[in-house]
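Step one of this worksheet: look at the structure below.
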Amino acid sequence: MQTLKDGVLTLEGSVIAIGAFDGVHKGHQAVIKQAVEKSRICQVPSVIYTFDPPPRHFFRGVQILTPIQEKVNRIAKLDVDYVIIASFTEWYATRPPEDFICELSKLNPVEVNVGSDFHFGKNREGDVNLLEQYFPINMMPPVYCKSGKLISSTRIRQLISEGDFQQSYSLLGWRTGME
């Protein structure tokens, strides 16, 4: 696996999964595994596009579940070809959505995997509908645990704040939880 921090990557084809992936929990793992499977079928590299720090930390100061190196290590265990880490800075947050689309176009995606609430660009002006105008989109459905509750980084943070480490580790889906 190759990791690029703020680098420019050009590919002849790819399958991309985009997200903060904070915690690389079971829901994130499902998104990443689906992108890797699709990339193998299409015989193109899999690319995970993520952010450091996660946008919610940048804007709202929420707790980070996995430092960037741990996030990359967990993603690497899922057989990904490339990880692109965008430095989420004031400059990055004020980029127009078209800049992000231009950046993605260099990866020539045969499919882009995002969640239904995915937004990008200054003031969150870009969304799934805009992405669909440029790339084939696979909108990933939410992932739920056995009890029927949504698996999300927000929920995991809440469980940790309540001291429920066992359930938070279960949702993270890694052997020892937060390593």
Side-chain angles (χ1 to χ4, degrees), residues 3-6 16-35 47-78 80 82-97 99-100 103-104 112-131 137-179:
T3 304
L4 290 92
K5 183 152 175 104
D6 298 321
I16 307 170
I18 306 170
F21 300 120
D22 191 19
V24 195
H25 58 62
K26 286 182 176 180
H28 298 146
Q29 292 169 44
V31 170
I32 292 167
K33 287 175 182 176
Q34 188 164 351
V47 177
I48 305 306
Y49 192 108
T50 192
F51 310 93
D52 181 39
R56 286 187 184 191
H57 175 77
F58 179 84
F59 288 113
R60 300 183 197 156
V62 300
Q63 172 191 6
I64 295 175
L65 294 173
T66 38
I68 190 62
Q69 193 53 56
E70 181 61 28
K71 182 193 305 189
V72 170
N73 291 343
R74 290 180 179 189
I75 291 171
K77 292 176 183 175
L78 301 171
V80 169
Y82 295 94
V83 175
I84 296 174
I85 304 165
S87 295
F88 205 89
T89 61
E90 186 68 37
W91 172 83
Y92 192 90
T94 59
R95 290 171 53 191
D99 283 8
F100 187 65
E103 190 175 335
L104 292 181
V112 176
N113 294 276
V114 293
S116 60
D117 63 343
F118 180 69
H119 287 81
F120 58 97
K122 184 178 180 179
N123 299 322
R124 297 172 47 97
E125 293 167 0
D127 62 8
V128 174
N129 294 325
L130 180 59
L131 272 183
I137 300 299
N138 179 18
M139 199 161 9
M140 301 298 299
V143 176
Y144 297 89
C145 63
K146 290 178 184 171
S147 69
K149 293 184 179 176
L150 177 69
I151 298 175
S152 71
S153 299
T154 300
R155 181 161 170 239
I156 292 168
R157 281 187 206 92
Q158 181 65 36
L159 290 167
I160 290 169
S161 74
E162 294 168 359
D164 191 343
F165 298 105
Q166 184 176 353
Q167 191 171 0
S168 66
Y169 291 169
S170 171
L171 298 181
L172 285 164
W174 297 98
R175 191 172 36 81
T176 59
M178 293 189 299
E179 298 152 7

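All values below were derived from every heavy atom in this structure, side-chain atoms included, with hydrogens, water molecules and symmetry-related copies excluded.
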Next item on the list: Taking side-chain hydrogen bond (donor to acceptor under 3.5 Å, both in side chains) as the test, write out the residues that go with Gln167, two or more places apart.
Entry: none

Note to self: Parallel, tilted or perpendicular, judged at 30° and 60°: which one describes the rings of Phe88 and Tyr92?
What the structure shows: tilted

Next item on the list: Run the numbers on Phe120 and Ile18 for side chain to side chain contact (heavy atoms under 4.5 Å, CB included), then give the verdict.
Entry: CA-CA 10 Å; Phe120 58 97; Ile18 306 170; over 6 Å; no

Note to self: Show me the pairs that pass salt bridge (charged side-chain N to carboxylate O under 4.0 Å, His left out) and involve residues 117-128, at least two apart or across chains.
What the structure shows: none

Note to self: How close do Ile151 and Cys145 get, counting heavy atoms only, and between which atoms?
What the structure shows: CG1-N, 3.7 Å

Item checked: Sequence neighbours excluded, every pair satisfying side-chain hydrogen bond (donor to acceptor under 3.5 Å, both in side chains) that has a member inside residues 144-155 -> Arg56-Thr154

Note to self: Distance check, rounded to the nearest 0.5 Å: Asp99 atom CG versus Thr94 atom OG1?
What the structure shows: 9.0 Å

Check: If you look at every heavy atom in Val24 and Gln29, which pair is closest and at what distance?
Finding: O-NE2, 2.9 Å

Next item on the list: Apply ring pair (Phe, Tyr, Trp, His ring centres under 6.0 Å) to Tyr49 and list each qualifying residue two or more places apart in sequence or on a separate chain.
Entry: Phe51, Phe100

Item checked: Gap between atom CG of Asp52 and atom CG of Asp22 - 0.5 Å precision -> 10.0 Å

Check: Stepwise, does the side chain to side chain contact (heavy atoms under 4.5 Å, CB included) test hold for His28 with Lys71?
Finding: CA-CA 11 Å; His28 298 146; Lys71 182 193 305 189; over 6 Å; no

Checklist line | Pairwise distance CD1(Ile32) to CZ(Phe21) - rounded to 0.5 angstrom | finding: 4.5 Å

Note to self: Just verifying a value: how many Å separate Met139 CE and Asn129 CG, rounded to the nearest 0.5 Å?
What the structure shows: 7.5 Å

Check: Got a donor-acceptor contact below 3.5 angstrom from the His119 side chain to the Gly126 backbone?
Finding: no

Margin query: Applying side-chain hydrogen bond (donor to acceptor under 3.5 Å, both in side chains), can you list everything that pairs with Asp164, at least two apart in sequence or on another chain?
Written below: none

Next item on the list: Taking side-chain hydrogen bond (donor to acceptor under 3.5 Å, both in side chains) as the test, write out the residues that go with Glu90, two or more places apart.
Entry: none

Checklist line | Atom pair CG (Leu172) and OG1 (Thr66), whose distance is rounded to the nearest 0.5 Å | finding: 8.0 Å

Check: CG/Leu65 to CD1/Ile156 distance, rounded to the nearest 0.5 angstrom?
Finding: 6.0 Å

Check: Looking only at heavy atoms, what is the nearest atom pair of Val143 and Ala30, with distance?
Finding: CG2-CB, 4.0 Å

Next item on the list: Fit a plane to each ring of Phe165 and Tyr169, take the angle between them on a 0 to 90° scale, and name the class: parallel (under 30°), tilted (30 to 60°) or perpendicular (over 60°).
Entry: tilted

